[in-house]
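Structure first, commentary second.
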Amino acid sequence: MSTNTSTSTNMGASTGTRTGLTRTPLRRALDYVVLSVLAFVFALPVLYLLLGSLKPSDEVLNGLSGFLPTNLSFDNYSAVLDNLNSDSTGYFWQFMGVSLLLAFVVVTGGLFVNSMAAYGLSRLKWRGREAVFTLVLLLMLVPFESVAVPLFYMLNDQRNTLFIQAVPFIANAFAVYQFHTFFRTIPPSIEEAARLDGAGPWRTFFAIIIPMSKPVFASVAILTFLTQWGSFLWPVLMVSDPSVRPLPLEMSVFQGQQPPDWGQILAFGVLLVLPVLVVFAFFQRWFVQGVASSAVKG
């Protein structure tokens, strides 16, 4: 009786195993199909942007025919560069340089400031640490739009400067939280060993913690760059001088010209997106590692 029971149990287990094995490829294929469809849907606007930037303006807004690769040329790109090449209109490469400089300052300064703040909140022991970290979490809930007007009145005498476009965005509560979460996963024994070797907090942070934290640094760098590169509301409030105008604000000015040339506008959009793709391609390996490790540890 028991032999029959155990035999039937083993048969049921083996049958379930075989069933699971036969269902796994099907599920995997279904996952690939669903993900491919979603990727295609998300890629459609980018494809339309790229094709539209290579087509004459009168063919851009022709519905689905806008996806047809006909009459392609780089005339729109040369027209954008030619139109933004004088003192009256400003210079395209000047706008690009302003955006790159602001992004560089915000990203590098943010990595330094926010990582050090997170290290102090996650690894150093001091009175009031948890209260400060709670305040950081609360600041994540405050949208920038709610403090934009008070900042405008506080810093109104600094308008039309690169300083005012960068400094308010170096310290970032969400970046501090990202660093804090990653630093908490580092074993304390590593820092204890460094302390026994005579390393203080500064040396431990720069010589040990930072080399171990490349994934989170890459993730924060990409997200900070994306946020700063697409910044629009703050420049609208604080910038009227074309010499310090960032690229997204200039695109808004360019798009407002009448009559609008949609081929040139889409070409401007491609030029605006290119630096983002370059930054992501450069940090991609560490960014994927950071996302994967966060998913596993979460």
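Counting heavy atoms from C-beta on, the side chains of Lys55 and Leu72 come closer than 4.5 Å. Side-chain contact between Asn76 and Val80: absent, with no pair of heavy atoms (C-beta onward) separated by less than 4.5 Å. Within the 4.5 Å cutoff, side-chain heavy atoms of Phe112 are placed close to those of Met116. Using a 4.5 Å cut-off on side-chain heavy atoms (C-beta onward), His180 and Val136 make no contact. Ile208 is not listed as a side-chain neighbour of Arg203, based on a closest heavy-atom distance of 4.5 Å or more. For the pair Trp229 and Leu226, the minimum side-chain heavy-atom distance is 4.5 Å or more. Within the 4.5 Å cutoff, the side chain of Trp262 has heavy atoms near those of the Gln255 side chain.
When hydrophobic side chains of Ile, Leu, Val, Met, Phe, Trp and Tyr are connected at separations under 4.5 Å, Val253 ends up as a singleton with no cluster partners.
Distance check, rounded to the nearest 0.5 Å: CG of Leu54 to CG of Leu49 gives 9.5 Å. Atom CD1 of Ile190 is separated from atom OG1 of Thr204 by 11.0 Å, given to the nearest 0.5 angstrom. One finds the CG atom of Asp261 at 9.0 Å from the CG atom of Asp58 (value rounded to the nearest 0.5 Å). The distance from atom CG of Leu233 to atom OG of Ser231, rounded to the nearest 0.5 Å, is 7.5 Å. With values rounded to the nearest 0.5 angstrom, Phe179 atom CZ is found 13.0 Å from Leu121 atom CG. To the nearest 0.5 Å, atom CG of residue Asn85 and atom OG of residue Ser78 are 12.0 Å apart.
Looking only at distances, no side-chain donor or acceptor of Thr224 sits under 3.5 Å from a matching main-chain atom of Ala221. A donor-acceptor pair is defined here as one N or O able to donate and one able to accept, closer than 3.5 Å; such a pair exists between the side chain of Asn114 and the backbone of Gly110. Although no hydrogens or angles enter the test, the distance criterion places no donor-acceptor pair under 3.5 Å between the side chain of Ser99 and the main chain of Met96. A donor-acceptor pair under 3.5 Å links the side-chain atoms of Thr161 to the main chain of Ile164, judged by distance alone. With hydrogens and angles disregarded, a donor-acceptor distance shorter than 3.5 Å links the side chain of Asn160 to the backbone of Asp241. The closest donor-acceptor contact from the side chain of Gln165 to the backbone of Val239 lies at 3.5 Å or more, if one exists at all. Between the side chain of Tyr48 and the main chain of Val60, a donor-acceptor pair closer than 3.5 Å is present.
Among all heavy-atom pairs drawn from Phe206 and Ile210, the shortest one is CD2-CD1, 3.6 Å. Pro201 and Leu124 get closest at one heavy-atom pair: CB-CD2, 4.4 Å. Across Arg245 and Ser240, no two heavy atoms sit closer than the pair NH2-O, 3.9 Å. Nearest heavy atom pair, residue Val98 against residue Ser243, reads CG2-O, 3.7 Å. Scanning both residues, Phe232 and Pro235, for their nearest heavy atoms gives O-CD, 3.2 Å. Listed here is the closest heavy atom pair of Thr89 and Glu250: O-OE2, 4.3 Å.
Residues meeting the ring pair (Phe, Tyr, Trp, His ring centres under 6.0 Å) test with Tyr119, sequence neighbours left out: Phe205.
Classification of the Phe74-Tyr77 ring pair by plane angle, with boundaries at 30° and 60°, yields tilted.
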Contacts under 3.5 angstrom, residues 166-175 side chains, donor-acceptor by atom type, not counting sequence neighbours:
residue : atom : partner : partner atom : Å
Asn172  : OD1  : Phe174  : N            : 3.0
Asn172  : OD1  : Ala175  : N            : 2.9

Which donor-acceptor pairs under 3.5 Å do the side chains of residues 144-156 make with protein atoms, sequence neighbours left out?
residue : atom : partner : partner atom : Å
Ser146  : OG   : Pro143  : O            : 2.6

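Sorted by first and then second residue, the ring pair (Phe, Tyr, Trp, His ring centres under 6.0 Å) pairs involving residues 86-109 (not counting sequence neighbours) are Phe92-Phe268. Residue pairs meeting the side chain to side chain donor-acceptor pair (under 3.5 Å) criterion with at least one member in residues 120-135, sequence neighbours excluded, are Arg123-Glu191.
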